[in-house]
Amino acid sequence: MTTSTPQEAGPDVRAELARLRDSIDNIDAAVVHMLAERFKCTQQVGHLKAAHQLPPADPSREAHQIARLRRLAESAKLDPAFAEKLLNFIIAEVIRHHERIADDAGGAPTGPTGTAGTTGTAAPAGTADTADTRE
């Protein structure tokens with residue numbers, strides 16, 4: 001099988017690629033803006049938790065949110081495992097932010113509920129907690 005570059009494809013193919021890529025670029029921009037809004041909200045949650053000395057993570061909420069997102073992914077025809085990995089990444093980042101906010105505020109409770117990955121699923125280093133996926 002011989003492969004060619006997009007430049008070697010016909011004008012109709014190049015036009016369709018450009019149209020699809022423009023849509024992908026728009027979706028990527030929307031995702032970035034939605035994540036920015038989400039993190040604005042989770043920052044507020046982090047300040048509220050720190051003010052009331054609540055732990056940065058909430059394993060029961062994380063588990064609930066993961067199950068909820070997996071159901072949403074299935075109904076949207078998206079791989080639920082991918083959706084869970086993405087949410088775990090976001091959650092770990094949220095927890096990291098909450099831990100930093102708590103440290104800046106003079107500390108919050110520590111222990112097993114204050115660490116990422118408490119739901120039994122591995123989260124990448126420097127990632128966030130589902131505890132605040134709807135907060």
Side-chain angles (χ1 to χ4, degrees):
M1 179 176 156
T2 305
T3 59
S4 57
T5 65
Q7 295 77 16
E8 296 170 338
D12 292 343
V13 172
R14 287 194 309 268
E16 182 67 1
L17 278 173
R19 184 188 68 75
L20 291 169
R21 287 175 174 163
D22 284 346
S23 290
I24 290 167
D25 292 349
N26 288 339
I27 293 166
D28 288 345
V31 167
V32 166
H33 288 282
M34 287 189 300
L35 284 171
E37 283 301 309
R38 186 185 191 289
F39 278 101
K40 286 177 188 175
C41 291
T42 61
Q43 290 289 331
Q44 292 174 358
V45 169
H47 287 286
L48 185 62
K49 286 180 170 184
H52 295 280
Q53 297 186 337
L54 297 170
D58 182 345
S60 64
R61 175 157 168 78
E62 294 169 20
H64 172 30
Q65 287 300 98
I66 288 170
R68 179 179 158 272
L69 194 69
R70 287 185 68 91
R71 288 190 304 273
L72 287 170
E74 288 173 10
S75 69
K77 308 277 191 276
L78 178 68
D79 179 8
F82 169 77
E84 182 174 345
K85 287 177 189 176
L86 177 62
L87 186 59
N88 276 325
F89 184 83
I90 292 169
I91 289 168
E93 186 65 16
V94 169
I95 290 173
R96 189 180 68 78
H97 290 181
H98 290 187
E99 289 170 341
R100 189 184 69 237
I101 290 167
D103 288 345
D104 291 348
T110 58
T113 60
T115 58
T118 55
T119 59
T121 55
T127 57
D129 166 335
T130 33
D132 301 300
T133 54
R134 291 189 306 183
E135 296 174 290

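The figures that follow rest on heavy atoms only: side chains count, while hydrogens, waters and symmetry mates do not.
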#### Entry: Residue pair V94 / R38, side-chain heavy-atom distance below 4.5 Å
yes
Please check this pair: side chain of [X] against backbone of [Y], looking for a donor-acceptor N/O pair closer than 3.5 Å.
X   : Y    : value
H47 : A105 : no
K49 : P56  : yes
R14 : A9   : yes

### Message
Between K40 and E37 (salt bridge meaning N to carboxylate O under 4.0 Å), is one present in this structure?
### Response
yes
### Query
Hey, is R96 close enough to E99 for a salt bridge, meaning N to O under 4.0 Å?
no
### Message
Is there a continuous path of hydrophobic side-chain contacts, each under 4.5 Å between heavy atoms, that joins V32 to F89?
### Response
no
### Chi angles and distances behind the salt bridge (Lys or Arg N to Asp or Glu O under 4.0 Å) call for E74, R71
CA-CA 5 Å; E74 288 173 10; R71 288 190 304 273; over 6 Å; no
Can you tell me how far [atom2] of [Y] sits from [atom1] of [X], rounded to the nearest 0.5 angstrom?
X    : Y    : atom1 : atom2 : result
D28  : H33  : CG    : NE2   : 11.0 Å
D12  : L17  : CG    : CG    : 11.0 Å
D79  : L86  : CG    : CG    : 11.5 Å
N88  : E62  : CG    : CD    : 8.0 Å
H52  : L48  : NE2   : CG    : 5.0 Å
R100 : D103 : CZ    : CG    : 9.5 Å

### Query
Closest approach of L78 and A83, non-hydrogen atoms and distance?
CD2-CB, 4.3 Å
